[in-house]
Amino acid sequence: MANVNDGHRQRLRERMLKEGLENFQDHELLELLLFQSVPRKDTNKLAHTLLASFGSLHNVLKSQPDELMLVKGISQVTACNLAMLKEVWRRAKRSEKEQLDLSDIKDIIKFARLLVAESYAERVVVVYVDRGTKFLFSEEYVADSDTQTVHLDIKKIVSSAVRLKAGGVMLFHCHTEGDCKPSKSDIRFTQKLLYALSGLEIVLLEHIIFAPEGDYYSFYQSGVLERMLEDYKIE
């Protein structure tokens, strides 16, 4: 039975990774949740029992742990895992309403400084925003200890932007020595990324470089991004 269950669980996970969860039935979603705290039992049967006992997925997830534990096979750990999902979702929705707004250049610089300024190692943070410039996600890249350079993959950034359905991308970058003036490689990379994103109608909104003393260079404020975009349109 354990081997049968393992194969079923793996197939469900692979299906989720391939298709997403939109076409999953309620009992299948419950199964995935139950995998975390029910290692060996038949979670398919347990999911159906929960739905039959409470009437709907909504009722299962809004129930208290002591109510869930009345169902045979639901342990305290499983009941707590299921019951906390309602609170997790409530807080996630609340944080969505409080989502960081990066539409103002002052807020962008403040946020960028918080992420990368005064770093002991050169680093780049890639920030993805929606079309209303609300924060979606960020990825951090730190300099290689041997070369002391940050390796960025344009294809990976573009792929992340598409996956997140981002409307815009920002780069926050710090130098650990010297000034904040962009190097030739900084400029070339920025231009290549802008071109790659523009082809997908995603905007490179900013690239900010900080110096150790706190000075910064903004590709947007300097007009460089605008000139690059004009060159892209001409090409």
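Just so you know, these numbers use all the heavy atoms, side chains as well, and skip hydrogens, waters and symmetry mates.
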Minimal non-hydrogen separation, I202 against A161, with atom names: CD1-CB, 3.9 Å
Shortest non-hydrogen separation from M69 to A79 and the atoms involved: CG-CB, 3.6 Å
Ring-face cation contact, F24 with R15, 6.0 Å cut, 45° max: yes
What verdict does the side-chain contact (heavy atoms from CB on, under 4.5 Å) test give for T133 and D104, after you've listed the backbone C-alpha separation in whole Å, the side-chain angles of each residue and the deciding distance to 0.1 Å? CA-CA 9 Å; T133 64; D104 185 87; over 6 Å; no
Given side chains that start at C-beta, do those of H27 and N44 come closer than 4.5 Å, heavy atoms only? yes
For the residue pair H175 and C180, what are the closest heavy atoms and their distance? ND1-CA, 4.2 Å
Test item: F172 and I108 side chains (from C-beta on) under 4.5 Å apart, heavy atoms: yes
How would you list, by chain and number, every residue that makes a side chain to side chain contact (heavy atoms under 4.5 Å, CB included) with T190, sequence neighbours excluded? L204, H207, F219, L225, M228
Quick one, D101 and D107 - any side-chain contact, counting heavy atoms below 4.5 Å? no
Tightest non-hydrogen contact, residues G178 and A211, listed as O-CB, 4.0 Å
When hydrophobic residues are tied together by side-chain contacts of less than 4.5 Å, even through go-betweens, does V142 share a cluster with I154? no
Hey, quick one: are V224 and I105 part of the same hydrophobic cluster, counting side-chain heavy atoms closer than 4.5 Å, chains of contacts allowed? yes
Do any pairs count as a salt bridge (Lys or Arg N to Asp or Glu O under 4.0 Å) and have a residue in residues 208-226, sequence neighbours left out, and if so which ones? none
Applying the 4.5 Å side-chain criterion to the ILVMFWY set and letting contacts propagate, would V71 and M84 be lumped into a single cluster? no
F137/S160 under side-chain contact (heavy atoms from CB on, under 4.5 Å): CA gap, chis, key distance, verdict: CA-CA 9 Å; F137 188 67; S160 294; 5.9 Å; no
Test log, rule side-chain contact (heavy atoms from CB on, under 4.5 Å), inputs E31 and E28: CA-CA 5 Å; E31 280 192 79; E28 293 173 318; 4.2 Å; yes
Drop me the distance from L34's CG to L82's CG, to the nearest 0.5 angstrom. 5.5 Å
Rounded to the nearest 0.5 Å, the OG atom of S185 sits from the CG atom of L152 at a distance of 10.0 Å
Mind checking what makes ring-ring contact (aromatic ring centres under 6.0 Å, His included) contact with Y141, not counting sequence neighbours? none
Can you confirm whether more than 12 heavy atoms, excluding those of E177, are under 6.0 Å from its CD atom? no
How would you list, by chain and number, every residue that makes a salt bridge (charged side-chain N to carboxylate O under 4.0 Å, His left out) with E140, sequence neighbours excluded? R123
Check: K86 and L61 side chains under 4.5 Å, non-hydrogen atoms: no
Indicate yes or no: at least one non-hydrogen side-chain atom of Y216 is less than 4.5 angstrom from one of Q221. yes
Spacing of L85 atom CG and C80 atom SG [to the nearest 0.5 Å]: 11.5 Å
State plainly whether one hydrophobic cluster holds both V88 and L33, where clusters connect Ile, Leu, Val, Met, Phe, Trp and Tyr through side-chain heavy atoms under 4.5 angstrom apart. no
If I take atom CG from residue L57 and atom CG from residue D26, how far apart are they, to the nearest 0.5 angstrom? 4.5 Å
Can you name the residues that form a salt bridge (charged side-chain N to carboxylate O under 4.0 Å, His left out) with K110, not counting sequence neighbours? none
Going by the salt bridge (Lys or Arg N to Asp or Glu O under 4.0 Å) test, which pairs reach into residues 45-74, not counting sequence neighbours? none
Step-by-step side-chain contact (heavy atoms from CB on, under 4.5 Å) determination, K165 to L136: CA-CA 9 Å; K165 297 182 173 61; L136 292 174; over 6 Å; no
For R188, enumerate each residue passing the side-chain hydrogen bond (donor to acceptor under 3.5 Å, both in side chains) test, keeping only those at least two apart in sequence or located in another chain. none
R131: salt bridge (charged side-chain N to carboxylate O under 4.0 Å, His left out) partners, not counting sequence neighbours: none
Does the side chain of L102 come within less than 4.5 Å of L205's, by heavy atoms? no
Listed by chain and number, what are the ring-ring contact (aromatic ring centres under 6.0 Å, His included) partners of H58, not counting sequence neighbours? none
Could you measure the distance from the OG atom of S218 to the CD atom of E206? Nearest 0.5 Å is fine. 3.0 Å
Find out whether L197 and V203 are in side-chain contact, i.e. whether some heavy atom of one side chain is under 4.5 Å from a heavy atom of the other. no
Any residue meeting side-chain hydrogen bond (donor to acceptor under 3.5 Å, both in side chains) with S53, in chain and number order, not counting sequence neighbours: none
With a 4.5 Å cut-off on side-chain heavy atoms, are F111 and V127 touching? yes
Residue list, side-chain hydrogen bond (donor to acceptor under 3.5 Å, both in side chains) with S63, at least two apart or on another chain: none
Which value, rounded to the nearest 0.5 Å, describes the distance between I157 atom CD1 and L193 atom CG? 5.0 Å
By side-chain hydrogen bond (donor to acceptor under 3.5 Å, both in side chains), S75 pairs with (sequence neighbours left out) T78
Hydrophobic cluster membership, L114 vs L100, 4.5 Å side-chain cutoff: no
If you count heavy atoms of other groups shown closer than 6.0 angstrom to CD of E14, is the number above 12? yes
